[in-house]
Amino acid sequence: MLSDHFQNGVETAKLMWSRIPATEEEEVGEVGPSRKGNGSTVESLDYEVVENFAYREEQAKRGKLYMGYAVLVKWFLALLIGIGTGLAAVFINLSVENFAGWKFSLTFQIIQKSYFAGFLVYILINLVLVLSSVYIITCFAPAASGSGIPEIKGYLNGIDTHGILLFRTLIGKIFGSIGSVGGGLALGKEGPLVHIGACIASLLGQGGTTKYHLQSRWLQVFSSERDRRDLVTCGCAAGVAAAFRAPVGGVLFALEEVTSWWRSQLMWRVFFTSAIVAVVVRTAMGWCKDGNCGHFGAGGFIIWDISGGQEDYSFEELLPMAVIGVIGGLLGALFNQLTLYMTHWRRNYLHKKGIRVKIIEACLISVITSAISFGLPLFRRCTPCPEADANSGIECPQAPGMFGNYVNFYCQNNKEYNDLATIFFNTQDDAIRNLFSAKTAHEFSAQSLLTFLVMFYTLAVVTFGTAVPAGQFVPGIMIGSTYGRLVGMFVVSFYKKLNIEEGTYALLGAASFLGGSMRMTVSLCVIMVEITNNLKLLPLIMLVLLISKAVGDAFNEGLYEEQAGLRAIPLLESRPKYQMRYMTAKEACGNQNVVYFPRVVKVADIVSILRSNDHNGFPVVDHARSGETLVIGLILRSHLLVLLQSKVDFQHSPLPCDSRGDLLPIRHNLSEFVKPVSSKGISLHDIHFTPDDLEMYIDLAPFLNPSPYVVPEDMSLTKVYNLFRQLGLRHLLVVPRPARVIGMITRKDLILEDNDDPTAVELQSTSVRRPGTAATQLDKMSNHTLIFLINEKKGLAAGPDAIQHIIPSVVPQVGSGEDSVYASLLPCEGRGIVSEGPSSQIDELYCTPFTCKKVVVIATTCCIACAFLGTQSNHRVITRKGDAQQPLLDGLL
């Protein structure tokens, strides 16, 4: 019977193995990340708001009630992100700790009878866990591999890596982390938790997932990439807060490390999300104290309390602490370089051989890691337990199956412990607690710490980059705390002081290695203080972080920046390169030929251009009456694909809609132009065209962005870089220097009071007077007469030249003598003006953001002119009902 079950298991394993693709070419396109024609798996994001007619129409429909509802939904989503990320962290921690607890407990029981049998069981359990993790990643969610922080940092920087925020990536990250960390690999679960928080935030922001039919229309409020970016930022902070129980550190991590754009409103929501995570985790810990969490009552939540350790430090200790910072910078930079070489070799050589090679590699590393962690402690002699200290609360040795300080691993005497097994044959959280522990002097020998440092450092380098979820926070803490404790042992023996704790130096070593590898300062400093619960060590942590970061920066970039570059994620760093100040925008463009569309374009031409290149944005040009070519906007590739797929905007005429007397058609909702996060969107190959379709035309005016960001060709590339990064742009048009100036914006033009009309045009200091034209110069308004024209039909006056001809005929009393006429364009939409005709009424006409002492209103069938005389006074509203055909309607304010 047993042989039959074994044979059935072998046959099942063979069947599963045969279904795994042997090469990359055999992978199913739906599972792996989508690739564009040039092989790239990344795409820029459109953080710029496309202010086309569909956007403006939707904004016009939204009132204050909707805006309040949108704000309420943002806070509600922040609450859900905090709860979801906290529950995911609780589930991962409890699963890992219970798998590890069951594994160590069973192994301890078996080795009491047979060491070899315990060794086989230990390796087999780890192998099964790692195999499950790598199988989930390679066959179900390839984007869940690694820590995910470089990809999330790229997303917040404006780069979308396909597949990183999908629902299957979330599931793969959760269960893959349980298998890889529970399997004893030299990696952590903290980096994946940041990715998990970002996935939860993204899915909530788009209302769920359509593929798995998990959607809620009540959450489908935000169609902008900007809003989704804010939510993902909240998710990143929630991931760090859940991983380390460090809510403030999570906020600072999002601010310092991952996001490229920040504002005060976002700070409040991020802080709120991190606080919710802290509440969820604290509630789970209270539930675990009642023995509901299996093997580990604390549930494996990271908190290394060293508040009972060293309370003060002397000036002589600053030198060895500075040495720890230097060591951290050197080892951190070396770690970054070695992992860069290993990952490059994997991606370009090993992993190109197929999925099966990835699975074999991860399983082989699992066997090696298990053999080292189980076998190396046997080469160390057991050490007698120190004298019992009733105040320390530490038992020596620990009972079999219980893990903490002084682990009894295959020791003959019950009063002995194995110091190497205390940190090797243990979970990473417990190993770090042992290294950070106070009042445990001489628990570890220098030989054991040095052996563990070399072996674990090597394992961390080799393991990083395998096809499993992998974080580097906890392995970095383990490496740094090891050499930090070594330095602490030297300081204790050299200074002969009783108040020096080796655990304090272990903490500083952990901070120094993370600073030298990840190059974080403020957020890492706060995280280390929060997870150790010792504020007195804050100045020392700051010292070693500054030194380690400075040393590491002298050799290479941070770990996440190196990995982002290896994954072809083009991050825009906070500062432009030095040589950019000597380059212009025109030089950056090179000699490229810009592909553009006319306003009315043939469908066949659109299809041909989209097939011939991979550009995602195209300028749209039109011809003025003088024959001059003008850029009227920018249209996105994704928007063109929506138009081609719907076909409702196809027309037979090659003329624009408004030239034929028709209104600009709006047949689409704004949500139709939104591309799902981390997905391919619409593909041109999925759209079928008939010969008649290809002969049709599309007027692009209603769908283009009429106000894209534009820079002159001679602007320095440094300014272009800062503008591009800080605004989160995807496209930036470079044009020749404008020939004339129509206005100037200053700070006061951008400040509107709450009671100001947002549609009013601020004229002060926004126009430049040109000789011979009707420009506005309001600093002389008290001595001159100001005329405003509003065309009821078009909404805009014909222009300064036309105004000069119209005003004398409409207002003969004004415009002669020493008084000069200054005119400006003012739209009439939404200003209470009734439609044209002889019976036109004037209701609450806001002529301008300011008014003068005397206002004269003249009305005709084609325009309304407001004449302002005298000096400025308070803003007033003119209300008059009567015959609008009167030649003069005056009101005194």
Side-chain angles (χ1 to χ4, degrees), residues 42-52 55 153-160 224-230 232-233 255-267 561 564 569-592 594-596 615-621 630-639 704-751 762 765-766 768:
V42 299
E43 181 180 351
S44 295
L45 292 167
D46 294 303
Y47 286 145
E48 180 185 0
V49 177
V50 179
E51 297 177 339
N52 53 23
Y55 173 81
K153 186 174 182 178
Y155 181 86
L156 296 177
N157 195 258
I159 296 297
D160 185 13
S224 167
E225 293 287 357
R226 290 189 175 189
D227 294 326
R228 293 178 179 176
R229 175 180 60 182
D230 292 351
V232 171
T233 304
L255 172 62
E256 178 185 8
E257 185 62 21
V258 293
T259 188
S260 303
W261 186 82
W262 198 263
R263 55 195 176 95
S264 58
Q265 296 92 334
L266 180 60
M267 170 75 81
E561 288 77 12
I569 301 175
L571 293 179
L572 293 179
E573 299 300 331
S574 58
R575 293 185 302 174
K577 300 295 183 182
Y578 179 80
Q579 57 268 28
M580 285 186 178
R581 66 182 63 185
Y582 304 110
M583 301 174 63
T584 62
K586 183 178 181 180
E587 294 173 351
C589 294
N591 298 322
Q592 60 182 355
V594 180
V595 181
Y596 61 89
H615 300 328
N616 289 285
F618 303 92
V620 180
V621 300
L630 301 176
V631 178
I632 62 173
L634 180 78
I635 191 161
L636 300 176
R637 183 188 191 95
S638 59
H639 291 190
L704 55 81
N705 183 4
S707 56
Y709 288 94
V710 179
V711 297
E713 59 183 351
D714 57 350
M715 177 181 283
S716 69
L717 196 56
T718 300
K719 286 186 176 181
V720 174
Y721 184 96
N722 292 328
L723 178 69
F724 198 95
R725 184 183 186 276
Q726 292 174 8
L727 295 179
L729 302 181
R730 184 175 187 178
H731 305 99
L732 188 61
L733 300 183
V734 180
V735 298
R737 178 166 287 279
R740 64 188 181 92
V741 180
I742 64 172
M744 181 179 296
I745 300 294
T746 61
R747 180 180 294 269
K748 61 188 175 195
D749 300 317
L750 304 177
I751 300 176
E762 175 61 71
S765 71
T766 60
V768 178

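As the structure is a prediction and not an experimental result, all values here were calculated from the model.
- Residues Ser44 and Ile159 have side chains in contact (heavy-atom distance under 4.5 Å, counting atoms from C-beta outward).
- Contact annotation: the side chain of Asp714 never approaches that of Lys586 to less than 4.5 Å [non-hydrogen atoms, C-beta and beyond].
- Summarising the geometry of Phe618 relative to Val595, their closest heavy-atom pair is CD2-O, 3.6 Å, with the distance given to 0.1 Å.
- Annotation for Pro570 and Asn157: closest pair O-OD1, 4.2 Å, computed over non-hydrogen atoms.
- The CG atom of Leu717 sits 8.5 Å away from atom CD of Glu587, with the distance rounded to the nearest 0.5 Å.
- Interatomic distance, CD of Glu225 versus CG of Asp160, reported as 7.0 Å (0.5 Å rounding).
- Within the model, atoms NE2 of His639 and CG of Asn616 stand 11.0 Å from one another, a figure rounded to the nearest 0.5 Å.
- Here the straight-line distance linking atom CG of Leu634 with atom CD of Glu48 works out to 7.5 Å at 0.5 Å rounding.
- More than 12 non-hydrogen atoms from other residues, nucleotides or ligands lie less than 6.0 angstrom from OH of Tyr47.
- No side-chain heavy atom of Tyr596 sits under 4.5 Å from any side-chain heavy atom of Val631.
- Taking CG of Asp230 as the start and CG of Leu266 as the end, the distance is 4.5 Å to the nearest 0.5 Å.
- Crowding of Arg226 atom CZ: a count of heavy atoms from other residues, nucleotides or ligands under 6.0 Å exceeding 12.
- Nearest approach of Gly633 to Leu704, heavy atoms of both residues: CA-CD1, 3.8 Å.
- The heavy-atom pair separating Val594 from Pro619 by the smallest distance is CG1-CG, 3.8 Å.
- Asp46 pairs by the side chain to side chain contact (heavy atoms under 4.5 Å, CB included) definition with Leu636, Arg730, His731, not counting sequence neighbours.
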Contacts table for residues 718-727: side-chain donor-acceptor under 3.5 angstrom, sequence neighbours left out:
residue	atom	partner	partner atom	Å
Thr718	OG1	Arg581	N	3.2
Tyr721	OH	Glu573	N	2.8
Tyr721	OH	Glu573	O	2.7
Asn722	ND2	Thr718	O	3.2
Arg725	NE	Leu572	O	2.7
Arg725	NE	Glu573	O	2.9
Arg725	NH2	Ser260	OG	3.4

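- Heavy-atom minimum distance, Leu156 versus Thr233: CD2-OG1, 3.5 Å.
- Taking the side chain as every heavy atom from C-beta outward, Val735 and Glu713 never approach each other to under 4.5 Å.
- Side chain of Thr259 to backbone of Leu255: no donor-acceptor contact under 3.5 angstrom is found.
- One finds the CG atom of Asn705 at 11.5 Å from the CD1 atom of Ile632 (value rounded to the nearest 0.5 Å).
- Contact between Ala585 and Pro712 at its shortest, heavy atoms only, is CB-O, 3.9 Å.
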